[in-house]
Amino acid sequence: MPISARCSHRCWRLACALCVLLLIVALYAALCAASGVDPAAYIYKTYLLQAQAWLRGEICLDQNYEYLELAVYQGRYYVSFPPVPSIPMVLYALIWGDDVPGGLFQKLYVAIACLVVLSELQRTRRMRPGDCAAWAIFLCFASAMLPISLLGGVWYEAQILAFLFSVSAIAAMRRGRCTLSCLLYALSVGCRPFTVVLGPVLLMLHIENMRARGASFRRGLVRLLPGLAVGLLMAAAYGAYNYARFGNPFEFGHNYLPEFTRSDHGQLSLAYVGQNWKTLFFGAPFTTHGATICLNQFGFSMFISCPILLCNLVWLAKDLIRCRMTPAKWALLLMGTLNTFLLLMHRTLGGHQFGARYALELVPLCFAWLLISPDRKKLTRWESVLMSFGLLFNFLGACLVHI
């Protein structure tokens, strides 16, 4: 490509990114104004408390906090979530002390994820700039991501950071940066353990990259080995941290939450599948009690909450009918199915929420499907209508929850 053409292309990409950033700022400004929520609000400060404990040289918290989900083990109180979101919080704690503007950082993480998605879609050079920008906005905001990014809190931080690391890992692997991709993947697992299902998908993306470049199996393996070493080191660090807290390298604390220790079936069980599939697949956003309409604040169908999942089902059906399934797409299908089944085994499905925030773990898989589908050259009318509905619906829902 001539130098002038490359400069023009870069200018278009930069202009598109700036437009997307302005849209994100306007979206959050409107949402915070409509809901009355302080954009910097940080109410559930679990990760800040963990970071402050680390700065004191401790791994348990100094006391119980009734309003937070803390693990109780041998009379001590521990953060019952994986540790990665606490790592940047150490820096924030050193700068802001107890007044960390956690809500702003959550919104920043979503904005970065949106720009990562936009950049990778632009790099494929299949779509028009407007379509790339629309898909970036839709993938990140026409879902349960919008309501959970409104208010700062422990559950939302982990979900948002896992999303950011997941889409970044996919983008890095697509660009052939295996070690960086494996590091980002390990960080995503350190936010939300169920994102471990992304691993086989990244492996298949790497294999397809090597085949496209005509590289041998040996060369592909050599390129992957440093990343695997990084991932294993991160896994060992997680295991050591878990062992230091709970005497079990695979226990990060959730099983010691009072709500799960009091439950007959614990945190994960096949006993929950029968009820959960009705909520996760077919749950309605509202229930009626006479003439009163009430919002279902403990979740509803993931297809209504995250309509990109409906889009992906249509893409899957078309690819199956037209015999366009590739090894990477089969990996996406199998890992998406496994992730969904694991969600169905969970006792709470995300607790108090608007929509189905756990289903956000499936959205990066949809992003990967979009990237590896050469037929996806433009945003179609039905996709635009469906995703616009998802954006408006989640905007209104976030306002209803917090007003």
Side-chain angles (χ1 to χ4, degrees), residues 24 28 31 37 41-48 50 68-69 79-89 102-114 116-117 139-170 184-198 252-254 257 267-268 276 279-280 297-300 302 305-306 308-309 336 339-340 342-344 346-367 390 394 397-398 401-402:
I24 293 172
Y28 276 127
L31 184 57
V37 173
Y42 191 39
I43 297 176
Y44 305 104
K45 302 181 179 181
T46 302
Y47 289 122
L48 175 59
Q50 178 68 89
L68 299 176
E69 291 183 341
V79 172
S80 62
F81 303 97
V84 166
S86 293
I87 297 174
M89 197 58 65
L104 285 180
F105 285 112
Q106 287 186 179
K107 295 170 182 61
L108 178 62
Y109 298 152
V110 182
I112 295 172
C114 189
V116 169
V117 171
L139 277 163
C140 295
F141 295 98
S143 68
M145 183 75 76
L146 189 57
I148 70 170
S149 61
L150 179 58
L151 187 67
V154 53
W155 311 281
Y156 315 137
E157 284 176 272
Q159 199 89 54
I160 292 169
L161 272 174
F163 182 90
L164 169 59
F165 290 136
S166 294
V167 296
S168 299
I170 291 168
L184 292 166
Y185 164 63
L187 290 171
S188 73
V189 175
C191 298
R192 293 281 302 168
F194 283 176
T195 59
V196 70
V197 302
L198 184 61
F252 59 85
H254 245 45
L257 283 174
Q267 179 190 2
L268 297 173
N276 281 346
T279 300
L280 199 61
Q297 293 188 352
F298 287 88
F300 49 83
M302 64 181 183
S305 175
C306 302
I308 185 62
L309 301 177
N339 197 341
T340 303
L342 291 173
L343 296 182
L344 292 175
H346 198 279
R347 182 176 178 271
T348 65
L349 280 182
H352 186 278
Q353 60 186 311
F354 179 82
R357 67 178 177 88
Y358 282 1
L360 285 173
E361 294 169 5
L362 301 171
V363 176
L365 303 182
C366 300
F367 169 54
N394 281 285
V401 168
H402 293 288

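How far CG of L164 is from CG of L184: 8.0 Å, rounded to the nearest 0.5 Å. Once rounded to the nearest 0.5 Å, the distance linking CG of L68 with OH of Y47 reads 11.0 Å. Between the CG atom of L198 and the CG atom of N339 there is a distance of 9.5 Å, given to the nearest 0.5 Å. Here NZ of K107 is found 14.0 Å from CD1 of I112. Values are rounded to the nearest 0.5 Å. Atom OH of residue Y156 and atom OG of residue S149 lie 10.5 Å apart, to the nearest 0.5 angstrom. Note that the CG atom of L146 and the CG atom of L31 stand 5.0 Å from one another [nearest 0.5 Å].
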- Worked verdict on V110 versus M145 for side chain to side chain contact (heavy atoms under 4.5 Å, CB included): CA-CA 8 Å; V110 182; M145 183 75 76; 3.9 Å; yes

- Message: If you apply the rule side chain to side chain contact (heavy atoms under 4.5 Å, CB included), what do you find for I308 with S143, and how did you get there?
- Response: CA-CA 8 Å; I308 185 62; S143 68; 5.7 Å; no

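At a threshold of 4.5 Å between non-hydrogen side-chain atoms, the residues Q159 and I148 count as touching. Counting heavy atoms from C-beta on, the side chains of S86 and V79 never come closer than 4.5 Å. Within the 4.5 Å cutoff, no side-chain heavy atoms of L343 are placed close to those of N276. The shortest side-chain heavy-atom distance between M89 and E157 falls under the 4.5 Å cut-off. The closest side-chain heavy-atom distance from P147 to V401 is not below 4.5 Å.
Side chains of Q353 and W155: no donor on one and acceptor on the other come within 3.5 Å.
Residues satisfying the side chain to side chain donor-acceptor pair (under 3.5 Å) test with H346, not counting sequence neighbours, are Q267, T348. Q50 pairs by the side chain to side chain donor-acceptor pair (under 3.5 Å) definition with Y241, not counting sequence neighbours. Every side-chain contact (heavy atoms from CB on, under 4.5 Å) that S188 has, sequence neighbours left out, goes to F165, S166, Y185, T195. Every residue two or more places apart in sequence or in another chain was checked for a side chain to side chain donor-acceptor pair (under 3.5 Å) with Y358, and none qualifies. Scanning for ring pair (Phe, Tyr, Trp, His ring centres under 6.0 Å) contacts around F354 gives F300, F393, with sequence neighbours left out. Considering only residues two or more places apart in sequence or on other chains, Y109 meets the side chain to side chain donor-acceptor pair (under 3.5 Å) condition with Y92. Judged as a ring pair (Phe, Tyr, Trp, His ring centres under 6.0 Å), and not counting sequence neighbours, the contacts of Y28 are F141.
In terms of modelled atom types and a separation under 3.5 Å, the side chain of Q106 and the main chain of G153 share a donor-acceptor contact. In this structure, the side chain of H352 does not engage the main chain of F298 through any donor-acceptor pair within 3.5 Å. Listed for the S305 side chain is a donor-acceptor partner under 3.5 Å among the backbone atoms of A356.
The heavy-atom pair separating A144 from C306 by the smallest distance is N-SG, 3.8 Å. Residues Y42 and G103 approach most closely at CB-N, 4.2 Å, considering heavy atoms. Nearest heavy atom pair, residue T279 against residue G299, reads CG2-O, 3.9 Å.
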Only pairs under 3.5 Å count here: list side-chain donor-acceptor contacts from residues 359-366, not counting sequence neighbours, and write none if there are none.
from : atom 1 : to   : atom 2 : distance (Å)
E361 : OE2    : R192 : NE     : 2.6
E361 : OE2    : R192 : NH2    : 2.6

